[in-house]
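Step one of this worksheet: look at the structure below.
All residue numbers refer to positions in the sequence shown, counting from 1.
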Amino acid sequence: GRDVGTGYLVAPQSWQDELLEARSALGGGVAPIVQRALARYLQAGGLRRRLARARRRADAAQAEVSQRIDTLRALPHVTGVTDTGHLLVLEMPVGAAARVREDCRRRGLILADLADGWAGNPGLTGLLLNYGGHEPAAVRRAVDLLIEAAGAPQPATSG
């Protein structure tokens with residue numbers, strides 16, 4: 001489908017000429033029928049209801065993670081767990097993180113490497129699970145798979 005782009009701007013009266021000139025330079029605006037449809041949607045509370053549904057889904061997804069926090073903290077090699085409400089951070093040594101990440105990847109769960117993009121404490125290693133925007137049941141499955149992979153016994157190493 002196609003996205004509909006529309007919006008509004010509240011600006012000082014003194015900007016009117018410049019804004020009208022910029023609007024003209026940008027080409028045709030949003031069709032009046034789309035503007036009316038959007039206005040009706042907003043007036044009828046459609047956006048408010050949609051945001052409330054999204055908030056409930058996000059809260060339920062975070063609850064799935066919260067119910068498993070103690071289990072996550074007790075996993076072998078896990079030295080820290082942070083849940084931001086949409087991002088789960090598991091701190092662990094590089095080798096353990098690589099093994100868990102690969103095991104999860106083979107099962108269809110893609111985890112990010114904490115060392116690749118964490119803006120927090122430099123030098124931290126581990127895994128990131130971005131669960132924002134996902135259905136609670138999918139979040140539950142993902143965290144359970146992560147727990148299973150991270151709790152699996154380490155392969156024997158020969159010396």
Side-chain angles (χ1 to χ4, degrees), residues 1-73 75 78-94 97-98 100-102 104-105 107-147 150:
R2 297 184 73 198
D3 291 332
V4 175
T6 187
Y8 65 90
L9 174 67
V10 177
Q13 181 68 31
S14 61
W15 295 8
Q16 182 177 357
D17 292 341
E18 289 84 359
L19 289 173
L20 289 173
E21 185 179 322
R23 176 67 260 166
S24 177
L26 289 171
V30 177
I33 193 166
V34 173
Q35 292 179 37
R36 286 191 297 275
L38 180 59
R40 286 191 187 115
Y41 174 73
L42 294 172
Q43 288 168 346
L47 181 61
R48 181 179 33 77
R49 286 189 303 275
R50 181 183 176 107
L51 291 174
R53 278 193 307 272
R55 216 172 284 118
R56 284 191 303 273
R57 187 177 68 212
D59 289 348
Q62 186 176 19
E64 293 292 348
V65 175
S66 294
Q67 290 171 9
R68 291 160 176 76
I69 286 290
D70 289 340
T71 303
L72 290 162
R73 287 193 174 113
L75 289 170
V78 171
T79 58
V81 177
T82 304
D83 176 21
T84 69
H86 61 88
L87 185 68
L88 176 63
V89 180
L90 263 63
E91 297 169 39
M92 59 177 50
V94 173
V100 172
R101 188 171 178 223
E102 177 57 23
C104 287
R105 187 198 61 75
R107 299 176 195 209
L109 177 62
I110 305 301
L111 300 169
D113 186 335
L114 179 58
D116 285 347
W118 181 242
N121 185 359
L124 285 181
T125 58
L127 302 168
L128 299 170
L129 172 65
N130 180 352
Y131 66 88
H134 292 280
E135 292 294 328
V139 173
R140 179 183 338 101
R141 287 191 303 273
V143 175
D144 286 348
L145 193 151
L146 174 56
I147 288 168

Can you find a pair of side-chain heavy atoms, one from [X] and one from [Y], that are under 4.5 Å apart?
X	Y	value
L90	V100	no
L111	L129	yes
R105	I110	yes

Residues which pass salt bridge (Lys or Arg N to Asp or Glu O under 4.0 Å) with E64, listed by chain and number, not counting sequence neighbours: R68, R140
Please report the interatomic distance [atom1]([X]) to [atom2]([Y]), rounded to the nearest 0.5 Å.
X	Y	atom1	atom2	value
Q67	L72	CD	CG	11.5 Å
L124	M92	CG	CE	12.5 Å
L88	L128	CG	CG	8.5 Å
L145	C104	CG	SG	5.0 Å
D113	R101	CG	CZ	5.0 Å

Taking every non-hydrogen atom, the tightest pair across [X] and [Y]:
X	Y	answer
T125	A115	CG2-CB, 4.4 Å
A150	L75	CB-CD1, 3.6 Å
R57	G133	NH2-O, 3.8 Å
N130	L87	CA-CD1, 3.8 Å
A61	P136	N-CG, 3.9 Å

Quick one: side chains of residues 12-23, donor-acceptor pairs under 3.5 Å with protein atoms, not counting sequence neighbours, listed by atom name and distance.
{"residue": "Q13", "atom": "NE2", "partner": "Q16", "partner atom": "OE1", "Å": "2.3"}
{"residue": "R23", "atom": "NH2", "partner": "G27", "partner atom": "O", "Å": "2.8"}
{"residue": "R23", "atom": "NH2", "partner": "G28", "partner atom": "O", "Å": "3.3"}

Side-chain donor-acceptor pairs under 3.5 Å in residues 32-48, sequence neighbours left out?
{"residue": "Q35", "atom": "NE2", "partner": "V30", "partner atom": "O", "Å": "2.6"}
{"residue": "Y41", "atom": "OH", "partner": "G46", "partner atom": "O", "Å": "3.2"}

